[in-house]
Amino acid sequence: MAMAGLVMNSYKIVLLDGDGIGPEIMTEAVKILHLVASRNDVEFELVHASFGASAYFELGHPFPDATKALCDEADAILKGPIGLSHEESKKIPVDMQPERGALLPLRRRYNTFANIRPVFLPKGLAHFSPLKPEIIGDGIDFIIIRELVGGLYFGKKEAGVNAQGKRYVIESLEYDEDQIAAIARVAFETAQKRKRVLHNIHKSNVLRSSVLWNEVMMEVAADYPDVEVVHILVDAAATYLCLNPGQFDVMVMENMFGDILSDQAGGILGSLGLMPSACLGPDKAYYEPSHGSAPDIAGKNIANPYSMIGSVAMMLEMSFGMEQESKNLWQAMQSVFAQGNSTPDLSKPGDDVKMISTQAFGDLVAEELAKL
Ligand code: NAD
């Protein structure tokens, strides 16, 4: 409760509910934001805005101007997943489809070049993972740092018909040294706060882009002599994630490698529903689950909102400096699972768990947080 005369911190948060399970898991995140505001010296102005396929169908554009204006003014953006099933997405022209028409423009607009994806499963929850307990050991705990505004997803594109009458496409994997140095610094600074080992993921045996990536990575490394750099080819890294995830602490990689390996990381935890993320730019950050809109389970109250509530925990720490409340929130989420509960993505019928809904997970997290 704010005391008379004291200035209360006030933040405007734009909520992009998104598609599929987006609105369901956003509801649980909003529940937590209200609770956080009620027990801290902080005020959140929450504004919903249209984004994604739903925005396209309602307003004719997946990232409408009104949403852009709200995001421009926001202190932080909390984004739900967007997208449609493969079949449904054909109802939208290619350039208006949610990733091309909304997500990439959002990232470009705020230059959110640093995507931070924590991959965490304590030993006590090893039963959620498809990996054997002996591989999980003391638990899974590492961070994927993915460059988010360069590479193939943002490079020049060309498609047409060639002189032989064949359809062709060209997409370029583009980086300049400043882009690589910027994400390298984020990675080294993160490693300095953890175990001081940085796994640099690349494909320099084939890709020229990775040769430059590695060169710049090692130039930046000179400023962080206390951090050991370990180079791993991306294909080998995919294997090690399954065979020995314990070797990783901080991993850094370019955009598409990070897209793919972080989904694999969700897989070794047991579900993408355990994958929150932060997307940080120089002036603005947005927070989103790493996964998509899960159309296969939308509207059933069975999606795991951990990824969305975890994104709130990251926002509290990274955008609002509320470290302690962020820690409390992580602890509350872990306690819900530690008490024997599971969302349906993490367990199967017959497992020794109490299966709970999306809404129940949010309620229980709120209950646990209120105790801390
Ligand atoms: P997806 O990540 O939506 O789902 C993959 C699998 O994980 C599905 O079985 C789904 O049910 C499950 N899953 C994902 N999140 C879950 C959660 N919170 N709780 C429980 N289970 C969960 O991937 P997809 O099916 O390939 O893509 C669906 C749509 O999402 C596509 O249109 C895709 O383009 C889009 N997408 C958007 C983003 C984003 O908004 N950042 C990211 C990835 C994919």
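Atoms within a ligand are numbered from 1 in the order they appear, just like the ligands themselves. Quick note: residue numbers are just sequence positions, from 1. Quick caveat, the model's predicted, so the values are computed rather than measured.
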Note to self: Please report whether ligand 1 has a polar contact with Ala294, defined as an N or O pair separated by less than 3.5 Å (distance criterion only).
What the structure shows: yes
Next item on the list: Mind checking side chain to side chain contact (heavy atoms under 4.5 Å, CB included) for Asp138 and listing every partner two or more places apart, or none if nothing turns up?
Entry: Lys123
Check: Less than 4.0 Å between atom 24 (P) of ligand 1 and some protein heavy atom, yes or no?
Finding: no
Next item on the list: Please work out whether any backbone atom (N, CA, C, O) or any side-chain heavy atom from C-beta onward of Lys79 is under 4.0 Å from ligand 1, and answer side chain, backbone, both or neither.
Entry: side chain
Checklist line | Protein contact to atom 34 (O) of ligand 1 [nearest heavy atom, distance to 0.1 Å] | finding: Glu99 OE2, 2.6 Å
Could you list the donor-acceptor pairs under 3.5 angstrom formed between side-chain atoms of residues 363-370 and any protein atom two or more places apart in sequence or on another chain?
| from | atom 1 | to | atom 2 | distance (Å) |
| --- | --- | --- | --- | --- |
| Asp363 | OD1 | Lys31 | NZ | 2.6 |
| Glu368 | OE2 | Gln339 | NE2 | 3.0 |
| Glu368 | OE2 | Lys371 | NZ | 2.8 |

Notebook entry, point to check: Any Lys/Arg nitrogen of Lys195 or Asp141 sitting under 4.0 Å from an Asp/Glu carboxylate oxygen of the other?
Noted result: no
Notebook entry, point to check: So is there a nitrogen or oxygen of Ser290 less than 3.5 Å from a nitrogen or oxygen in ligand 1?
Noted result: no
Notebook entry, point to check: Identify the closest protein heavy atom to atom 7 (O) of ligand 1: which residue and atom is it, and at what distance?
Noted result: Leu272 CD1, 3.8 Å
Next item on the list: Give the atoms of ligand 1, by number and element, whose distance to some non-hydrogen atom of Ala303 is under 4.0 Å.
Entry: 19 (N)
Next item on the list: Record the part of Leu103 in heavy-atom contact with ligand 1 below 4.0 Å; permitted values are side chain, backbone, both and neither.
Entry: side chain
Next item on the list: Could you tell me whether the side chains of Gln97 and Tyr56 share a donor-acceptor contact shorter than 3.5 Å?
Entry: no
Checklist line | Region of Asp296 that comes within reach of ligand 1 [heavy atoms, distance under 4.0 Å] | finding: side chain
